[in-house]
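Order of the sequence lines fixes the chain letters, A, B, ..., with proteins taken first and strands second; residue numbering starts at 1 for each chain.
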Amino acid sequence: AQSVSQHNHHVILSEAASLELGCNYSYGGTVNLFWYVQYPGQHLQLLLKYFSGDPLVKGIKGFEAEFIKSKFSFNLRKPSVQWSDTAEYFCAVTTDGAGNNRKLIWGLGTSLAVNP
Amino acid sequence: ETGVTQSPTHLIKTRGQQVTLRCSSQSGHNTVSWYQQALGQGPQFIFQYYREEENGRGNFPPRFSGLQFPNYSSELNVNALELDDSALYLCASSPDRAGGYTFGSGTRLTVV
């Protein structure tokens with residue numbers, strides 16, 4: 001069965017530190033990859049997505065992610081975090097199929113706390 | 001404001017009761033999915049509708065059912081509520097089936 005693993009459940013950083021959140025998926029076919037963010041008390045928001053093309057994807061708020069097909073990974077990065085980046089980050093995948101395969105399969109999330 | 005509106009925002013129900021949660025999507029968003037997010041967990045896929053037909057379902061029992069309407073609104077119905085049904089229920093819509101979803105703010109359901 002398809003699954004998504006996020007390696008870090010809780011991350012604590014100081015402002016200006018660099019961030020990398022790991023995400024690996026298990027599926028051998030074509031995938032669409034997403035990172036969503038959930039700020040405290042707010043709804044899920046799409047940070048960035050990869051469907052095809054350049055494996056380095058740039059999203060909102062200075063985030064980027066790199067799709068490495070050989071490693072089944074889609075790690076999220078930001079060179080310099082801010083206090084306002086404190087949130088829950090979710091990696092998600094859809095497989096390129098019809099019907100049920102279009103569902104988003106989610107990781108358990110990574111809670112990021114940025115200290116000012 | 002995301003363009004996806006869910007109602008109500010909070011709801012308290014008694015075990016055994018039935019509940020209907022509502023979602024209004026953006027015009028042109030033919031795909032709608034419903035997710036259950038328990039505290040401290042990632043969202044779990046309940047089901048997906050495309051052009052008013054269910055075209056995908058997660059590991060939820062039949063007492064979880066849904067409808068999608070031509071006006072881009074949808075419903076999630078849960079019968080015979082159980083305590084474990086307490087969670088945040090999220091509606092997400094997309095103009096296609098590839099998965100670029102926009103999420104609503106969710107309905108927080110508490111079953112007592």
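Closest heavy-atom contact between B:Phe103 and A:His43: O-CD2, 4.0 Å. Contact record, B:Pro43 with A:Trp106: O-CD1, 3.3 Å, taken as the closest heavy-atom pair.
You'll find the side chain of A:Lys49 stays beyond 4.5 Å of the side chain of B:Tyr101, heavy atoms only. B:Leu90 is listed as a side-chain neighbour of A:Leu44, based on a closest heavy-atom distance under 4.5 Å.
Counting non-hydrogen atoms of neighbouring residues, nucleotides and ligands closer than 6.0 angstrom, the CG atom of B:Leu83 exceeds 12 such neighbours. Taking a 6.0 Å sphere around CG of A:Asp54, one finds it holds more than 12 heavy atoms contributed by other residues, nucleotides or ligands.
With rounding to the nearest 0.5 Å, the separation of CD in A:Glu88 from CD in B:Gln37 is 8.0 Å.
Following chains of ILVMFWY side-chain contacts shorter than 4.5 Å, one can reach B:Phe47 starting from B:Leu109, so the two form part of one hydrophobic cluster. Cluster annotation: B:Leu76 is not connected to B:Tyr50 through the hydrophobic network of ILVMFWY side chains, with a link wherever side-chain heavy atoms come within less than 4.5 Å. Tracing side-chain contacts under 4.5 Å through hydrophobic residues (I, L, V, M, F, W, Y), one reaches A:Leu47 starting from A:Val93; they form part of the same cluster.
Only the side chain of A:Gln38 comes within contact range of chain B, with at least one heavy atom under 4.5 Å from a heavy atom of that chain.
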